[in-house]
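Below is one structure, written out as C-alpha cells; comments come after it.
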Amino acid sequence: MPTSAPITQDVLTIPRKLPEGDKINLIGLTRDALREALIAAGTPEKQARMRVNQVWQWLYEKGVRDFDIMTNLAKDYRAKLAENFVIEIPEVVSKHVSEDGTRKYLVRIAGGHEVETVYIPEEGRGTLCISSQVGCTLTCSFCHTGTQKLVRNLTAGEIIGQVMLARDDLDEWPELGRAPKDETRLLSNIVLMGMGEPLYNFDAVRDAMKIAMDPEGISLSRRRITLSTSGVVPEIAKTAEEIGCMLAVSFHATTDAVRDRLVPINKKWNIDTLLEALRAYPKLSNSERITFEYVMLKDVNDSDEDARRLVELIKGIPAKINLIPFNEWPGAPYQRSSNNRIHAFADIIYKAGYASPIRTPRGEDIMAACGQLKSATERARKSRKQIENEAGL
Ligand code: SAH
Ligand code: SF4
C-alpha cells in the first residue's frame, strides 16, 4: 500500500450567481438544473419541459447568446428570462495559431484567472483539449501545470464554455435541426487533457460532459470524449457510471519507485491499486479500451526493460499505449528520449499485440503541446521545495 501522507485537494468552487445582480448563468446547468431555474423564475411547471427543450436548443444547438433571438418564445417570456438569467461563456483573451494549424486560446474566467484551451486540427477530425482547473493540486515533476498551485476548480459553465468558444472561433454552429455528423465536424473530439486533474473536479466535469453529449445540443458521442487522469482511483468507477466516456491514464512508469517520483499521486494509489480500477473500467463503461499515456523521459522510464514490464503489467486490459515524447518547458528537469529509443520502446509494445502510437507534438512553437500549458499571468507558484518533496527528488 502507498505510504505517504494523502494528497489533499484544496477545492474552491464559486457560486453560480454572478457578481452583478442575482442573475444566474444558464450555461453549465444540466437539464434538471435548468428546469428548476426556469420554474424558480416563474415558468409554470406544466410548461417546464417544453421550455427547457426550447432554451436548450437555442443555447447548445444554435449557440445563441441573446434572449431576443429566441423567437419561438413569447416576447414577455424572453423578457422574464433576461431579468433572471444571463448566457455567458468565458472570454478569449488571446489566440495563437501554430505553424501546424493548432490554435491555443488564452481564456479568462470569473475572478480574472486564466486557463488555456487548445484546438488540434487533424485529417478528418479536430480535437479540443480543455482545462478543468486553474493550476493543479498535483505535482507531476515533468508537467508545467504541476508547478502552478491550484487556484480554483472551473465551473461546469466554464468547462463547456471552452467548447462553445472554440465553436464560435471555428464558426461551427449548425442550423437548427441540421447537426452535422461527428465525422464531418471541425470540432469532433474532446480530450480533458489541458490544465488540471479532471477527477478532482468531478461534478463540474460530469455536468459539462453531459451537456456536450446531449443529443439535442452539441451532441458528441461519448466515444469521442476522452478524460485523462493521473490516477484518482476512487473516482474511476464513478467516471464509468456517471460519464461513460473514454478513459486515458497517465501511467508513465513501470515501478512504484519511479512512478512515485513522476506522478506523486502514486504514493496514495500505487500501480497495483490503479490497475485494479482500470481492469473494471471497460466493462462498467461499455467502452472498448483504455489509453495508457506514457511520457518518454530520457534514461528515466524508457528502457527495453520498462517496455517489457509495461506489457506484463497491463496484461488482460484492453489497451492502447500512447507514447508521448516529452515536451520541454523552461526549467524542466528532464529530457526527451531519442527518436531511436522511442521507436525501440514502441516496437516491443507493438510486438506484444498493443497499438503503440507515438504522439506527434502539436503546437510546440506556441507552447501548446501536452504538459506545456500554464497561465503566464498566474503568480501563485508552488515552491521548488514543495515540488521536490512531493516528487521525492
Ligand atoms: N491531469 C490529467 C490531465 C492533464 S495532462 C493527467 O495528468 O492525466 C495530459 C497528459 O499530458 C498527461 O498524460 C500528462 O501526464 C501529460 N504531460 C504532462 N506534462 C507533459 C510534458 N511536459 N510532456 C509530455 N506530456 C506531458
Ligand atoms: Fe496535474 Fe496532470 Fe500535470 Fe500531473 S500531469 S500535475 S495531474 S495536470
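Just follow the structure's listing: the first ligand is 1, and inside any ligand the first atom is 1. Heads up: numbering here begins at 1 and tracks the sequence.
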Quiz prompt | Shortest reach to atom 2 (C) of ligand 1 by a heavy atom, considering only Cys129, Ser250, Ser131, Ser228 | solution = Ser228

Exercise. Report the C-alpha distance between Ile87 and Trp58 in whole Å, list the side-chain angles of each, state the deciding distance to 0.1 Å, and finish with yes or no for side chain to side chain contact (heavy atoms under 4.5 Å, CB included).
Key: CA-CA 11 Å; Ile87 305 169; Trp58 285 112; over 6 Å; no

Exercise. Pick one of side chain, backbone, both or neither for how Phe142 approaches ligand 1, counting any non-hydrogen atom pair under 4.0 Å.
Key: both

Quiz prompt | side chain to side chain contact (heavy atoms under 4.5 Å, CB included) between Glu235 and Thr229, worked out | solution = CA-CA 10 Å; Glu235 307 293 316; Thr229 180; over 6 Å; no

Self-check item: Proximity of Asn327 to ligand 1 by residue part, where a heavy atom lies under 4.0 Å
Solution: both

Exercise. Please verify whether a non-hydrogen atom of Gly194 lies at under 4.0 Å from ligand 1.
Key: yes

Quiz item: When Ile314 is tested against each of Thr254, Ile290, Ile321 for side chain to side chain contact (heavy atoms under 4.5 Å, CB included), which residue passes?
Solution: Ile321

Practice problem: Specify side chain, backbone, both or neither for Glu197, according to which of its non-hydrogen atoms lie closer than 4.0 Å to ligand 1. | Solution: both

Exercise. Please could you name the atoms of ligand 1 that Trp329 approaches to less than 4.0 Å, counting only its heavy atoms?
Key: 22 (N)

Exercise. Only one of Asp347, Asp304, Asp299 passes salt bridge (charged side-chain N to carboxylate O under 4.0 Å, His left out) with Arg341; say which it is.
Key: Asp304

Quiz item: Heavy atoms only: which of Ser141, Cys140, Gly135 is nearest to atom 4 (Fe) of ligand 2?
Solution: Cys140

Exercise. Using a 4.5 Å cut-off on heavy atoms from C-beta on, say whether the side chain of Ser98 contacts that of Arg362.
Key: no

Quiz item: Testing Ile109, Thr145, Asn153 for side chain to side chain contact (heavy atoms under 4.5 Å, CB included) with Val134, which one passes?
Solution: Ile109

Quiz item: Which atoms of ligand 2 have any heavy atom of Cys136 under 4.0 Å away?
Solution: 1 (Fe), 6 (S), 7 (S), 8 (S)

Practice problem: Starting from the C-alpha separation in whole Å, work towards a yes-or-no answer on side chain to side chain contact (heavy atoms under 4.5 Å, CB included) for Leu227 and Met209. | Solution: CA-CA 10 Å; Leu227 183 151; Met209 292 307 104; 6.0 Å; no

Practice problem: Give the atoms of ligand 1, by number and element, whose distance to some non-hydrogen atom of Cys143 is under 4.0 Å. | Solution: 18 (C), 19 (N)

Quiz item: Considering only heavy atoms, does Thr229 approach ligand 1 within less than 4.0 Å through its side chain, its backbone, both, or neither?
Solution: backbone

Quiz item: Numbering the atoms of ligand 2 from 1, which are under 4.0 Å from a heavy atom of Gly146?
Solution: 6 (S)

Quiz prompt | Pair Tyr294 + Phe345: ring centers closer than 6.0 Å | solution = yes

Quiz item: Near Ser230, which atoms of ligand 2 are under 4.0 Å from a heavy atom of that residue?
Solution: 7 (S)

Quiz item: Taking distance alone, with no angle check, do Gly196 and ligand 1 share an N/O pair under 3.5 Å?
Solution: yes

Quiz item: Can you list the atoms of ligand 1 that are under 4.0 Å from a heavy atom of Phe326?
Solution: 21 (C), 22 (N), 23 (N)

Quiz item: Quick one: do the Asp100 and Thr102 side chains pair a donor with an acceptor below 3.5 Å?
Solution: yes

Quiz prompt | Any Tyr334 heavy atom less than 4.0 Å from ligand 1 | solution = no

Practice problem: Mark up the atoms of ligand 1 that fall under 4.0 Å of a heavy atom belonging to Ile324, in ascending order. | Solution: 24 (C), 25 (N)

Quiz item: Where do Arg224 and Leu187 land on the side chain to side chain contact (heavy atoms under 4.5 Å, CB included) test, with the steps shown first?
Solution: CA-CA 10 Å; Arg224 289 179 174 266; Leu187 199 171; over 6 Å; no

Quiz prompt | Same cluster (ILVMFWY, side-chain, under 4.5 Å), Leu274 and Val258 | solution = yes

Self-check item: Residue part near ligand 1, for His252, under 4.0 Å between non-hydrogen atoms
Solution: side chain

